[in-house]
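Within every chain, numbering begins at 1; the chains are lettered A, B, ... in the order of the sequence lines, protein sequences first and strands thereafter. This one's a predicted model, so the numbers in the text were calculated from it and none came from an experiment.
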Amino acid sequence: MIDPQHATLVEAAAALARGELSSEALTQACLERAHRLNPALNCFLRIEDEAALAAARRADAARAAGHPLGVLHGVPIAVKDMFYDPARETSSGSEIRRGFHGPATATALARLKAAGAIVLGALNMTEFALGPTGHNPFYGACHNPWNPDHIAGGSSSGSGAAVAARIAFGTLGSDTGGSIRLPAAANGILGIKPTYGRVPRTGAMPLSWSIDHVGPLARTAADLARLLGVIAGHDPADPTSSRRAVPDYESQLGAGIRGLRLGVPQNFFFDDLEPAVGTVLEAALAALESAGAQRLAVNVPGAQHLTELGRTVVYTEAAALHGHWLRTRPEDYSPQVRARVATGVAIPAAAYAEALQLRALVLRRVCDEVFGACDVLVTPSLSIEVPTLAATDVGGSASMWSTIGRLLKCVAPFNYLGLPALSVPVGFTANGLPAALQLVGRPFAEATLLGVAAAYQRLAPWHECLPPVH
Amino acid sequence: MTDRKSSTLEAATVSALARLLGYPPLDADTAARIAAGASNAVAAVRATATVPLFDAEPGNYLAELERLAGPGP
(Lines give C-alpha, C1' and ligand atoms only; values in the text may rest on other atoms or scores of the structure.)
Protein backbone atom coordinates (compact mmCIF):
# COMPACT_ATOMS: atom_id res chain seq x y z
CA MET A 1 0.00 0.00 0.00
CA ILE A 2 1.40 3.34 -1.06
CA ASP A 3 1.66 5.85 1.79
CA PRO A 4 0.35 9.33 0.99
CA GLN A 5 2.95 10.69 3.38
CA HIS A 6 5.75 9.64 1.07
CA ALA A 7 4.48 9.10 -2.48
CA THR A 8 4.36 11.93 -4.99
CA LEU A 9 1.39 12.55 -7.26
CA VAL A 10 3.13 10.92 -10.22
CA GLU A 11 4.12 7.90 -8.11
CA ALA A 12 0.56 7.55 -6.79
CA ALA A 13 -0.88 7.74 -10.31
CA ALA A 14 1.57 5.05 -11.47
CA ALA A 15 0.74 2.76 -8.53
CA LEU A 16 -2.96 3.14 -9.26
CA ALA A 17 -2.39 2.41 -12.95
CA ARG A 18 -0.45 -0.74 -12.06
CA GLY A 19 -3.32 -1.87 -9.87
CA GLU A 20 -1.17 -1.93 -6.74
CA LEU A 21 -3.93 -0.16 -4.84
CA SER A 22 -7.40 1.17 -5.38
CA SER A 23 -8.39 4.78 -5.59
CA GLU A 24 -10.91 4.11 -2.85
CA ALA A 25 -8.19 2.94 -0.45
CA LEU A 26 -5.92 5.85 -1.31
CA THR A 27 -8.74 8.37 -1.04
CA GLN A 28 -9.77 6.88 2.30
CA ALA A 29 -6.21 7.25 3.58
CA CYS A 30 -6.09 10.88 2.47
CA LEU A 31 -9.49 11.60 4.03
CA GLU A 32 -8.40 10.07 7.33
CA ARG A 33 -5.28 12.22 7.27
CA ALA A 34 -7.37 15.29 6.46
CA HIS A 35 -9.67 14.67 9.44
CA ARG A 36 -6.71 14.01 11.73
CA LEU A 37 -4.71 17.10 10.76
CA ASN A 38 -7.36 19.67 9.92
CA PRO A 39 -8.12 20.63 13.54
CA ALA A 40 -4.51 21.83 13.82
CA LEU A 41 -4.08 23.26 10.32
CA ASN A 42 -7.57 24.42 9.26
CA CYS A 43 -6.54 23.94 5.65
CA PHE A 44 -9.93 22.53 4.60
CA LEU A 45 -13.17 24.46 4.78
CA ARG A 46 -15.05 21.29 3.86
CA ILE A 47 -13.85 17.70 3.71
CA GLU A 48 -16.19 15.97 1.28
CA ASP A 49 -15.95 12.30 2.32
CA GLU A 50 -19.00 10.96 0.56
CA ALA A 51 -18.45 12.70 -2.76
CA ALA A 52 -14.74 11.82 -2.77
CA LEU A 53 -15.28 8.16 -1.96
CA ALA A 54 -18.08 7.87 -4.52
CA ALA A 55 -15.82 9.39 -7.18
CA ALA A 56 -12.99 7.05 -6.16
CA ARG A 57 -15.27 4.02 -6.48
CA ARG A 58 -16.33 5.20 -9.94
CA ALA A 59 -12.68 5.59 -10.88
CA ASP A 60 -11.92 2.05 -9.69
CA ALA A 61 -14.91 0.69 -11.61
CA ALA A 62 -13.80 2.49 -14.77
CA ARG A 63 -10.33 1.05 -14.47
CA ALA A 64 -11.69 -2.43 -13.84
CA ALA A 65 -13.81 -2.05 -16.97
CA GLY A 66 -10.74 -1.09 -18.99
CA HIS A 67 -11.63 2.60 -19.33
CA PRO A 68 -8.74 4.71 -18.08
CA LEU A 69 -9.89 8.26 -17.41
CA GLY A 70 -6.61 10.12 -17.80
CA VAL A 71 -3.26 10.92 -16.24
CA LEU A 72 -4.80 11.64 -12.83
CA HIS A 73 -7.01 8.56 -12.72
CA GLY A 74 -7.95 8.02 -9.08
CA VAL A 75 -5.49 10.55 -7.60
CA PRO A 76 -6.80 12.58 -4.61
CA ILE A 77 -6.42 16.34 -4.93
CA ALA A 78 -8.17 19.37 -3.41
CA VAL A 79 -9.18 22.81 -4.65
CA LYS A 80 -9.20 26.33 -3.28
CA ASP A 81 -12.78 27.20 -2.37
CA MET A 82 -13.24 29.58 -5.30
CA PHE A 83 -13.62 27.19 -8.24
CA TYR A 84 -17.28 26.86 -9.05
CA ASP A 85 -19.08 23.55 -9.08
CA PRO A 86 -22.88 23.49 -9.08
CA ALA A 87 -22.81 20.37 -6.92
CA ARG A 88 -21.01 22.03 -4.03
CA GLU A 89 -20.78 25.27 -2.12
CA THR A 90 -18.11 27.74 -3.20
CA SER A 91 -17.64 30.35 -0.47
CA SER A 92 -14.58 32.17 -1.85
CA GLY A 93 -13.51 32.35 1.79
CA SER A 94 -16.16 35.00 2.36
CA GLU A 95 -19.29 35.56 4.40
CA ILE A 96 -21.03 37.05 1.40
CA ARG A 97 -20.72 33.90 -0.69
CA ARG A 98 -21.38 31.45 2.12
CA GLY A 99 -23.67 28.77 0.67
CA PHE A 100 -23.21 29.96 -2.93
CA HIS A 101 -23.33 27.39 -5.72
CA GLY A 102 -21.71 28.44 -8.99
CA PRO A 103 -23.68 28.11 -12.23
CA ALA A 104 -21.21 25.78 -13.99
CA THR A 105 -18.06 23.86 -13.14
CA ALA A 106 -14.85 25.86 -13.46
CA THR A 107 -12.89 24.80 -16.52
CA ALA A 108 -9.70 24.00 -14.60
CA LEU A 109 -11.64 21.90 -12.09
CA ALA A 110 -13.61 20.16 -14.84
CA ARG A 111 -10.36 19.28 -16.62
CA LEU A 112 -8.86 17.83 -13.43
CA LYS A 113 -11.98 15.71 -12.89
CA ALA A 114 -12.04 14.61 -16.52
CA ALA A 115 -8.43 13.45 -16.13
CA GLY A 116 -9.61 11.26 -13.26
CA ALA A 117 -8.71 13.33 -10.20
CA ILE A 118 -10.66 12.78 -6.98
CA VAL A 119 -11.57 15.99 -5.13
CA LEU A 120 -11.17 15.59 -1.36
CA GLY A 121 -12.78 18.90 -0.50
CA ALA A 122 -12.64 22.68 -0.49
CA LEU A 123 -9.58 24.45 0.80
CA ASN A 124 -9.27 27.47 3.05
CA MET A 125 -8.29 30.78 1.50
CA THR A 126 -8.11 34.45 2.28
CA GLU A 127 -11.46 36.21 1.99
CA PHE A 128 -12.10 36.83 -1.73
CA ALA A 129 -8.42 35.94 -2.38
CA LEU A 130 -7.29 39.33 -1.10
CA GLY A 131 -4.40 38.95 1.29
CA PRO A 132 -1.01 37.24 1.50
CA THR A 133 -1.07 35.65 4.97
CA GLY A 134 -3.94 33.15 5.16
CA HIS A 135 -5.82 34.92 7.93
CA ASN A 136 -9.58 34.59 7.57
CA PRO A 137 -11.96 36.13 10.13
CA PHE A 138 -14.93 34.05 8.97
CA TYR A 139 -13.40 30.57 8.75
CA GLY A 140 -10.26 30.95 10.87
CA ALA A 141 -6.65 31.23 9.83
CA CYS A 142 -4.87 28.43 8.01
CA HIS A 143 -1.77 27.20 9.87
CA ASN A 144 1.61 26.21 8.50
CA PRO A 145 2.37 22.46 8.82
CA TRP A 146 6.03 23.23 9.58
CA ASN A 147 4.97 25.28 12.59
CA PRO A 148 1.30 26.07 13.24
CA ASP A 149 2.19 29.40 14.83
CA HIS A 150 3.32 30.63 11.41
CA ILE A 151 1.39 31.72 8.35
CA ALA A 152 0.61 29.33 5.53
CA GLY A 153 0.73 32.26 3.11
CA GLY A 154 -2.15 33.47 1.01
CA SER A 155 -4.39 33.72 -0.57
CA SER A 156 -4.29 29.99 -1.50
CA SER A 157 -3.42 29.15 2.11
CA GLY A 158 -5.14 25.77 2.30
CA SER A 159 -3.76 24.80 -1.11
CA GLY A 160 -0.24 25.16 0.24
CA ALA A 161 -0.82 23.57 3.64
CA ALA A 162 -2.78 20.54 2.36
CA VAL A 163 0.01 19.54 -0.02
CA ALA A 164 2.77 20.16 2.52
CA ALA A 165 0.90 18.13 5.14
CA ARG A 166 0.66 15.27 2.61
CA ILE A 167 -3.13 15.27 2.65
CA ALA A 168 -3.59 15.99 -1.06
CA PHE A 169 -1.19 15.08 -3.87
CA GLY A 170 -1.82 18.37 -5.59
CA THR A 171 -4.09 21.38 -5.31
CA LEU A 172 -5.55 24.14 -7.44
CA GLY A 173 -4.97 27.78 -6.57
CA SER A 174 -5.21 31.26 -8.00
CA ASP A 175 -2.68 34.08 -8.12
CA THR A 176 -3.43 37.79 -8.53
CA GLY A 177 -0.46 39.09 -6.51
CA GLY A 178 1.47 36.01 -5.42
CA SER A 179 -1.37 33.85 -4.10
CA ILE A 180 -0.01 30.57 -5.49
CA ARG A 181 3.70 31.27 -5.03
CA LEU A 182 3.51 32.63 -1.47
CA PRO A 183 1.73 29.57 -0.02
CA ALA A 184 4.05 27.34 -2.02
CA ALA A 185 7.07 29.15 -0.57
CA ALA A 186 5.76 29.29 2.99
CA ASN A 187 4.83 25.60 3.01
CA GLY A 188 7.93 24.21 1.30
CA ILE A 189 6.23 23.00 -1.88
CA LEU A 190 6.12 24.13 -5.52
CA GLY A 191 3.59 26.38 -7.15
CA ILE A 192 3.41 27.90 -10.58
CA LYS A 193 1.63 30.98 -11.80
CA PRO A 194 1.49 30.25 -15.50
CA THR A 195 1.62 32.89 -18.21
CA TYR A 196 -1.51 35.05 -18.36
CA GLY A 197 -3.88 33.18 -20.68
CA ARG A 198 -2.21 29.77 -20.32
CA VAL A 199 -4.91 28.37 -17.99
CA PRO A 200 -8.55 29.46 -18.48
CA ARG A 201 -10.23 31.28 -15.60
CA THR A 202 -13.76 30.25 -16.57
CA GLY A 203 -15.73 29.52 -13.41
CA ALA A 204 -13.03 30.76 -11.06
CA MET A 205 -14.04 33.55 -8.68
CA PRO A 206 -12.82 36.78 -10.27
CA LEU A 207 -10.75 39.30 -8.39
CA SER A 208 -9.24 41.19 -11.33
CA TRP A 209 -9.97 39.91 -14.82
CA SER A 210 -6.81 41.48 -16.23
CA ILE A 211 -4.45 40.08 -13.59
CA ASP A 212 -5.97 36.82 -12.27
CA HIS A 213 -4.12 33.58 -12.96
CA VAL A 214 -5.04 29.96 -12.15
CA GLY A 215 -2.39 27.34 -11.42
CA PRO A 216 -1.41 24.22 -9.48
CA LEU A 217 0.60 23.52 -6.32
CA ALA A 218 2.38 20.21 -5.67
CA ARG A 219 5.46 18.65 -4.06
CA THR A 220 7.61 18.02 -7.11
CA ALA A 221 8.24 19.57 -10.50
CA ALA A 222 6.97 16.40 -12.14
CA ASP A 223 3.71 16.59 -10.18
CA LEU A 224 3.33 20.24 -11.11
CA ALA A 225 4.04 19.48 -14.77
CA ARG A 226 1.33 16.84 -14.83
CA LEU A 227 -1.27 19.10 -13.23
CA LEU A 228 -0.40 22.05 -15.48
CA GLY A 229 -0.56 19.86 -18.55
CA VAL A 230 -4.11 18.90 -17.61
CA ILE A 231 -5.49 22.37 -16.89
CA ALA A 232 -3.66 24.42 -19.57
CA GLY A 233 -5.08 25.21 -22.98
CA HIS A 234 -7.67 27.32 -24.71
CA ASP A 235 -11.24 27.40 -23.51
CA PRO A 236 -13.78 28.96 -25.88
CA ALA A 237 -15.67 30.21 -22.81
CA ASP A 238 -12.65 32.31 -21.77
CA PRO A 239 -11.68 34.71 -24.55
CA THR A 240 -8.53 35.67 -22.60
CA SER A 241 -7.19 32.10 -22.81
CA SER A 242 -4.45 31.45 -25.34
CA ARG A 243 -4.87 29.21 -28.38
CA ARG A 244 -1.16 28.41 -28.25
CA ALA A 245 -0.51 24.65 -28.15
CA VAL A 246 0.24 23.12 -24.74
CA PRO A 247 3.64 21.41 -24.59
CA ASP A 248 4.21 18.02 -23.04
CA TYR A 249 5.70 19.47 -19.88
CA GLU A 250 6.61 16.11 -18.35
CA SER A 251 8.71 15.02 -21.31
CA GLN A 252 11.00 18.03 -20.91
CA LEU A 253 11.78 17.65 -17.21
CA GLY A 254 14.99 15.69 -17.69
CA ALA A 255 16.62 18.06 -20.17
CA GLY A 256 19.12 19.37 -17.63
CA ILE A 257 20.35 22.90 -17.15
CA ARG A 258 23.89 22.83 -18.52
CA GLY A 259 24.55 26.15 -20.19
CA LEU A 260 21.25 27.65 -19.04
CA ARG A 261 21.69 31.34 -18.20
CA LEU A 262 20.25 32.28 -14.82
CA GLY A 263 19.76 36.02 -14.44
CA VAL A 264 20.13 37.33 -10.90
CA PRO A 265 18.68 40.84 -10.62
CA GLN A 266 21.01 43.49 -9.29
CA ASN A 267 18.16 45.86 -8.54
CA PHE A 268 15.13 45.65 -6.23
CA PHE A 269 14.56 41.93 -5.64
CA PHE A 270 17.55 41.21 -3.41
CA ASP A 271 17.39 44.55 -1.56
CA ASP A 272 16.35 44.09 2.11
CA LEU A 273 16.86 40.34 1.91
CA GLU A 274 17.02 38.88 5.39
CA PRO A 275 20.48 37.37 5.89
CA ALA A 276 19.06 33.98 6.94
CA VAL A 277 17.12 33.79 3.68
CA GLY A 278 20.07 35.02 1.66
CA THR A 279 22.30 32.23 2.93
CA VAL A 280 19.81 29.56 1.85
CA LEU A 281 19.21 31.15 -1.56
CA GLU A 282 22.92 31.48 -2.24
CA ALA A 283 23.39 27.77 -1.57
CA ALA A 284 20.61 26.99 -4.03
CA LEU A 285 22.14 29.17 -6.73
CA ALA A 286 25.50 27.50 -6.14
CA ALA A 287 23.85 24.10 -6.54
CA LEU A 288 22.33 25.14 -9.86
CA GLU A 289 25.75 26.39 -11.01
CA SER A 290 27.28 23.07 -10.01
CA ALA A 291 24.87 21.41 -12.44
CA GLY A 292 26.12 23.59 -15.28
CA ALA A 293 23.92 26.66 -15.16
CA GLN A 294 25.58 30.04 -15.63
CA ARG A 295 24.83 32.86 -13.24
CA LEU A 296 24.84 36.39 -14.60
CA ALA A 297 23.75 39.78 -13.38
CA VAL A 298 20.71 41.44 -14.94
CA ASN A 299 18.66 44.56 -14.35
CA VAL A 300 14.86 44.44 -14.29
CA PRO A 301 13.76 47.81 -15.66
CA GLY A 302 11.15 49.62 -13.61
CA ALA A 303 10.94 46.78 -11.11
CA GLN A 304 10.09 49.12 -8.24
CA HIS A 305 6.84 50.19 -9.94
CA LEU A 306 5.50 46.87 -11.18
CA THR A 307 3.54 45.91 -8.05
CA GLU A 308 1.81 49.29 -7.84
CA LEU A 309 1.03 49.24 -11.56
CA GLY A 310 -0.65 45.91 -10.97
CA ARG A 311 -2.51 47.26 -7.96
CA THR A 312 -3.85 50.13 -10.05
CA VAL A 313 -5.56 47.52 -12.20
CA VAL A 314 -6.51 45.07 -9.44
CA TYR A 315 -8.02 47.67 -7.10
CA THR A 316 -10.07 49.20 -9.88
CA GLU A 317 -11.43 45.94 -11.24
CA ALA A 318 -12.05 44.57 -7.72
CA ALA A 319 -14.02 47.69 -6.82
CA ALA A 320 -16.14 47.19 -9.92
CA LEU A 321 -16.73 43.50 -9.16
CA HIS A 322 -17.60 44.24 -5.53
CA GLY A 323 -19.42 47.56 -6.07
CA HIS A 324 -22.91 46.20 -5.42
CA TRP A 325 -21.91 44.46 -2.21
CA LEU A 326 -19.86 47.42 -1.05
CA ARG A 327 -23.04 49.47 -1.28
CA THR A 328 -25.45 46.92 0.13
CA ARG A 329 -23.52 44.56 2.43
CA PRO A 330 -20.40 46.38 3.63
CA GLU A 331 -20.72 44.86 7.09
CA ASP A 332 -20.27 41.38 5.61
CA TYR A 333 -16.66 42.09 4.65
CA SER A 334 -13.79 42.04 7.09
CA PRO A 335 -12.56 45.63 7.55
CA GLN A 336 -9.24 44.82 5.87
CA VAL A 337 -10.72 43.27 2.74
CA ARG A 338 -13.39 45.95 2.53
CA ALA A 339 -10.66 48.60 2.52
CA ARG A 340 -8.71 46.72 -0.15
CA VAL A 341 -11.63 46.30 -2.53
CA ALA A 342 -12.78 49.87 -1.90
CA THR A 343 -9.39 51.30 -2.82
CA GLY A 344 -10.46 51.31 -6.45
CA VAL A 345 -12.92 54.08 -5.66
CA ALA A 346 -9.99 56.46 -5.33
CA ILE A 347 -8.08 55.47 -8.45
CA PRO A 348 -8.85 57.75 -11.41
CA ALA A 349 -10.22 55.95 -14.44
CA ALA A 350 -7.46 57.55 -16.50
CA ALA A 351 -4.79 55.97 -14.29
CA TYR A 352 -6.43 52.55 -14.68
CA ALA A 353 -6.57 52.87 -18.45
CA GLU A 354 -3.01 54.15 -18.55
CA ALA A 355 -1.77 51.21 -16.47
CA LEU A 356 -3.44 48.81 -18.88
CA GLN A 357 -2.02 50.58 -21.93
CA LEU A 358 1.45 50.65 -20.40
CA ARG A 359 1.42 46.93 -19.76
CA ALA A 360 2.57 45.79 -23.20
CA LEU A 361 5.28 48.47 -23.34
CA VAL A 362 6.62 47.51 -19.93
CA LEU A 363 6.51 43.82 -20.83
CA ARG A 364 8.44 44.41 -24.06
CA ARG A 365 11.11 46.35 -22.20
CA VAL A 366 11.47 43.66 -19.51
CA CYS A 367 11.62 40.89 -22.09
CA ASP A 368 14.20 42.74 -24.17
CA GLU A 369 16.47 43.68 -21.28
CA VAL A 370 16.09 40.61 -19.08
CA PHE A 371 15.39 37.73 -21.44
CA GLY A 372 17.71 39.15 -24.04
CA ALA A 373 20.46 38.40 -21.54
CA CYS A 374 19.28 35.30 -19.68
CA ASP A 375 16.95 32.33 -20.00
CA VAL A 376 15.47 32.35 -16.51
CA LEU A 377 15.27 35.18 -14.00
CA VAL A 378 15.90 34.07 -10.42
CA THR A 379 14.61 35.99 -7.40
CA PRO A 380 13.61 35.16 -3.84
CA SER A 381 10.00 34.07 -3.50
CA LEU A 382 10.03 35.46 0.01
CA SER A 383 12.68 37.94 1.06
CA ILE A 384 11.96 37.37 4.75
CA GLU A 385 11.64 34.32 6.95
CA VAL A 386 8.07 33.00 7.09
CA PRO A 387 6.47 35.19 9.78
CA THR A 388 4.08 34.19 12.54
CA LEU A 389 0.32 34.53 12.34
CA ALA A 390 0.47 36.86 15.34
CA ALA A 391 2.99 39.21 13.75
CA THR A 392 0.91 39.56 10.60
CA ASP A 393 -2.52 39.82 12.19
CA VAL A 394 -4.34 43.12 12.34
CA GLY A 395 -2.91 45.08 15.25
CA GLY A 396 -0.50 42.26 15.98
CA SER A 397 2.68 44.20 15.44
CA ALA A 398 3.82 47.73 14.69
CA SER A 399 5.63 46.37 11.66
CA MET A 400 2.63 44.44 10.34
CA TRP A 401 2.10 46.52 7.20
CA SER A 402 5.80 46.50 6.43
CA THR A 403 5.87 42.71 6.77
CA ILE A 404 2.87 42.36 4.46
CA GLY A 405 4.63 44.52 1.90
CA ARG A 406 7.76 42.42 2.12
CA LEU A 407 5.75 39.23 1.64
CA LEU A 408 4.45 40.53 -1.67
CA LYS A 409 7.58 42.30 -2.83
CA CYS A 410 9.14 39.67 -5.08
CA VAL A 411 6.04 37.88 -6.35
CA ALA A 412 3.50 40.59 -7.17
CA PRO A 413 5.54 42.27 -9.95
CA PHE A 414 5.05 39.29 -12.24
CA ASN A 415 1.26 39.41 -12.11
CA TYR A 416 1.23 42.77 -13.87
CA LEU A 417 3.68 41.43 -16.44
CA GLY A 418 1.76 38.17 -16.89
CA LEU A 419 5.02 36.22 -17.05
CA PRO A 420 5.23 32.61 -15.84
CA ALA A 421 6.71 32.34 -12.34
CA LEU A 422 7.41 29.24 -10.27
CA SER A 423 8.33 28.97 -6.60
CA VAL A 424 10.58 26.06 -5.64
CA PRO A 425 11.61 25.23 -2.05
CA VAL A 426 15.35 25.47 -1.40
CA GLY A 427 15.74 24.61 2.28
CA PHE A 428 14.92 25.99 5.68
CA THR A 429 15.89 29.04 7.68
CA ALA A 430 16.88 28.93 11.33
CA ASN A 431 13.26 29.18 12.48
CA GLY A 432 12.55 25.83 10.83
CA LEU A 433 10.34 27.32 8.13
CA PRO A 434 10.94 26.91 4.38
CA ALA A 435 12.72 29.30 2.05
CA ALA A 436 12.15 29.40 -1.69
CA LEU A 437 13.49 30.67 -5.00
CA GLN A 438 11.26 32.14 -7.67
CA LEU A 439 12.00 31.25 -11.30
CA VAL A 440 10.59 33.60 -13.92
CA GLY A 441 10.57 33.01 -17.65
CA ARG A 442 9.62 34.69 -20.87
CA PRO A 443 5.96 34.26 -21.92
CA PHE A 444 4.85 30.62 -22.18
CA ALA A 445 8.22 29.30 -20.94
CA GLU A 446 6.63 27.12 -18.26
CA ALA A 447 8.49 24.05 -19.53
CA THR A 448 11.83 25.77 -18.97
CA LEU A 449 10.91 26.75 -15.41
CA LEU A 450 9.69 23.24 -14.62
CA GLY A 451 12.93 21.86 -16.04
CA VAL A 452 15.03 24.05 -13.76
CA ALA A 453 12.91 23.10 -10.76
CA ALA A 454 13.23 19.41 -11.62
CA ALA A 455 17.00 19.72 -12.00
CA TYR A 456 17.21 21.44 -8.63
CA GLN A 457 15.05 18.80 -6.93
CA ARG A 458 17.39 16.10 -8.24
CA LEU A 459 20.28 17.97 -6.60
CA ALA A 460 18.54 18.92 -3.37
CA PRO A 461 15.48 16.81 -2.50
CA TRP A 462 14.02 19.13 0.13
CA HIS A 463 10.59 17.91 -0.94
CA GLU A 464 11.30 14.62 0.82
CA CYS A 465 11.38 16.33 4.23
CA LEU A 466 8.27 15.67 6.28
CA PRO A 467 6.64 18.47 8.28
CA PRO A 468 6.22 17.73 12.00
CA VAL A 469 2.47 17.12 11.90
CA HIS A 470 0.97 13.71 12.48
CA MET B 1 -4.94 66.43 -5.23
CA THR B 2 -2.16 68.81 -4.28
CA ASP B 3 0.85 69.92 -6.28
CA ARG B 4 2.31 68.07 -9.27
CA LYS B 5 5.45 66.81 -7.53
CA SER B 6 4.07 65.29 -4.35
CA SER B 7 0.48 64.49 -5.18
CA THR B 8 -1.26 62.49 -2.52
CA LEU B 9 -4.93 61.98 -2.22
CA GLU B 10 -6.57 63.23 0.95
CA ALA B 11 -8.81 61.05 3.07
CA ALA B 12 -11.64 63.57 2.76
CA THR B 13 -11.51 63.21 -1.02
CA VAL B 14 -11.72 59.42 -0.70
CA SER B 15 -14.77 59.76 1.52
CA ALA B 16 -16.40 62.09 -0.99
CA LEU B 17 -15.74 59.66 -3.85
CA ALA B 18 -17.14 56.80 -1.79
CA ARG B 19 -20.31 58.81 -1.12
CA LEU B 20 -20.56 59.56 -4.84
CA LEU B 21 -20.55 55.83 -5.57
CA GLY B 22 -23.18 55.22 -2.91
CA TYR B 23 -20.96 53.45 -0.40
CA PRO B 24 -21.81 53.76 3.28
CA PRO B 25 -19.53 56.19 5.14
CA LEU B 26 -15.90 55.13 5.53
CA ASP B 27 -14.24 55.55 8.90
CA ALA B 28 -11.28 57.89 9.04
CA ASP B 29 -8.67 55.15 9.27
CA THR B 30 -10.08 53.28 6.27
CA ALA B 31 -10.30 56.45 4.20
CA ALA B 32 -6.71 57.33 5.08
CA ARG B 33 -5.53 53.84 4.18
CA ILE B 34 -7.36 53.93 0.86
CA ALA B 35 -5.91 57.37 0.15
CA ALA B 36 -2.39 56.10 0.74
CA GLY B 37 -2.92 52.96 -1.34
CA ALA B 38 -4.47 54.80 -4.26
CA SER B 39 -1.81 57.50 -4.17
CA ASN B 40 0.97 54.92 -4.34
CA ALA B 41 -0.69 53.15 -7.23
CA VAL B 42 -1.23 56.30 -9.26
CA ALA B 43 2.31 57.49 -8.53
CA ALA B 44 3.64 54.30 -10.13
CA VAL B 45 1.57 54.98 -13.23
CA ARG B 46 2.92 58.53 -13.43
CA ALA B 47 6.49 57.33 -12.98
CA THR B 48 6.13 54.71 -15.71
CA ALA B 49 4.20 56.72 -18.28
CA THR B 50 7.24 58.47 -19.71
CA VAL B 51 6.26 58.13 -23.36
CA PRO B 52 3.06 59.04 -25.21
CA LEU B 53 0.54 56.23 -25.36
CA PHE B 54 -1.34 57.94 -28.17
CA ASP B 55 -0.21 55.41 -30.79
CA ALA B 56 -0.17 52.33 -28.54
CA GLU B 57 -2.39 49.50 -29.71
CA PRO B 58 -5.23 49.23 -27.21
CA GLY B 59 -5.88 46.24 -25.16
CA ASN B 60 -4.65 43.09 -26.74
CA TYR B 61 -2.17 42.06 -24.11
CA LEU B 62 -2.49 38.33 -24.74
CA ALA B 63 -1.37 38.82 -28.33
CA GLU B 64 1.71 40.65 -27.07
CA LEU B 65 2.55 37.79 -24.70
CA GLU B 66 2.21 35.30 -27.55
CA ARG B 67 4.38 37.44 -29.81
CA LEU B 68 7.14 37.64 -27.18
CA ALA B 69 7.12 33.91 -26.48
CA GLY B 70 9.70 31.64 -27.97
CA PRO B 71 8.74 29.09 -30.61
CA GLY B 72 5.85 26.85 -29.59
CA PRO B 73 5.91 23.08 -29.07
>> Just so I understand: if I count every heavy-atom pair under 4.5 Å between each of A:Arg311, A:Glu354, A:Glu331 and chain B, which residue has the most?
In response: A:Glu354
> In terms of heavy-atom proximity below 4.5 Å to chain B, should A:Arg364 be classed as side chain, backbone, both, or neither?
Replying inline: both
> Got a second to check how far B:Leu68's CG is from A:Thr195's OG1, nearest 0.5 Å?
Replying inline: 11.0 Å
> Just how far is it from atom CZ of A:Arg244 to atom CG of B:Leu62, taken to the nearest 0.5 Å?
Replying inline: 10.5 Å
> Once you round to the nearest 0.5 Å, how far does CG of B:Leu17 lie from CD1 of A:Ile347?
Replying inline: 11.0 Å
> chain B: which of A:Gly310, A:Gly197, A:Ser242, A:Ser241 shares the most heavy-atom pairs with it under 4.5 Å?
Replying inline: A:Ser242
>> So which atom in B:Tyr23 and which in A:Ala342 form the shortest heavy-atom distance, rounded to 0.1 Å?
In response: CE2-CB, 4.3 Å
>> What's the separation between atom CZ in B:Arg67 and atom CG in A:Leu363, rounded to the nearest 0.5 Å?
In response: 9.0 Å
>> Counting only non-hydrogen atoms closer than 4.5 Å, does B:Thr30 touch chain A with its backbone (N, CA, C, O), its side chain (CB onward), both, or neither?
In response: side chain
>> Does any backbone or side-chain atom of A:Tyr416 lie under 4.5 Å from a heavy atom of chain B? Answer side chain, backbone, both or neither.
In response: backbone
>> I need the residue from B:Asn40, B:Val14, B:Asp29, B:Leu20 with the largest number of non-hydrogen atom pairs under 4.5 Å to chain A.
In response: B:Asn40
> What residue, out of B:Gly22, B:Ala18, B:Pro24, has the most heavy-atom pairs lying under 4.5 Å from chain A?
Replying inline: B:Pro24
> Any idea which heavy atoms bring A:Glu308 and B:Ala44 closest together, and the distance?
Replying inline: CB-CB, 3.3 Å
>> Is any side-chain heavy atom of A:Leu361 closer than 4.5 Å to one of B:Thr48?
In response: no
> Which atoms form the tightest heavy-atom contact between B:Tyr61 and A:Tyr196, and what is the distance?
Replying inline: CD2-CD2, 4.3 Å
> What residue in A:Arg359, A:Arg340, A:Arg442 has the most heavy-atom pairs under 4.5 Å with chain B?
Replying inline: A:Arg359
>> Using every non-hydrogen atom in the two residues, find where A:Ala339 and B:Arg33 come nearest and quote the distance to one decimal.
In response: CB-NH1, 3.8 Å
> At a heavy-atom separation under 4.5 Å, does A:Ala445 approach chain B through its side chain, its backbone, both, or neither?
Replying inline: neither
> Do you know the tightest heavy-atom contact between B:Leu65 and A:Pro443?
Replying inline: O-CB, 3.2 Å
> So, for A:Thr343 and B:Ala38, which heavy atoms are closest and what is the spacing to 0.1 Å?
Replying inline: CG2-N, 3.9 Å
> Which one of A:Leu419, A:Val313, A:Leu417 has the most heavy-atom pairs closer than 4.5 Å to chain B?
Replying inline: A:Leu417
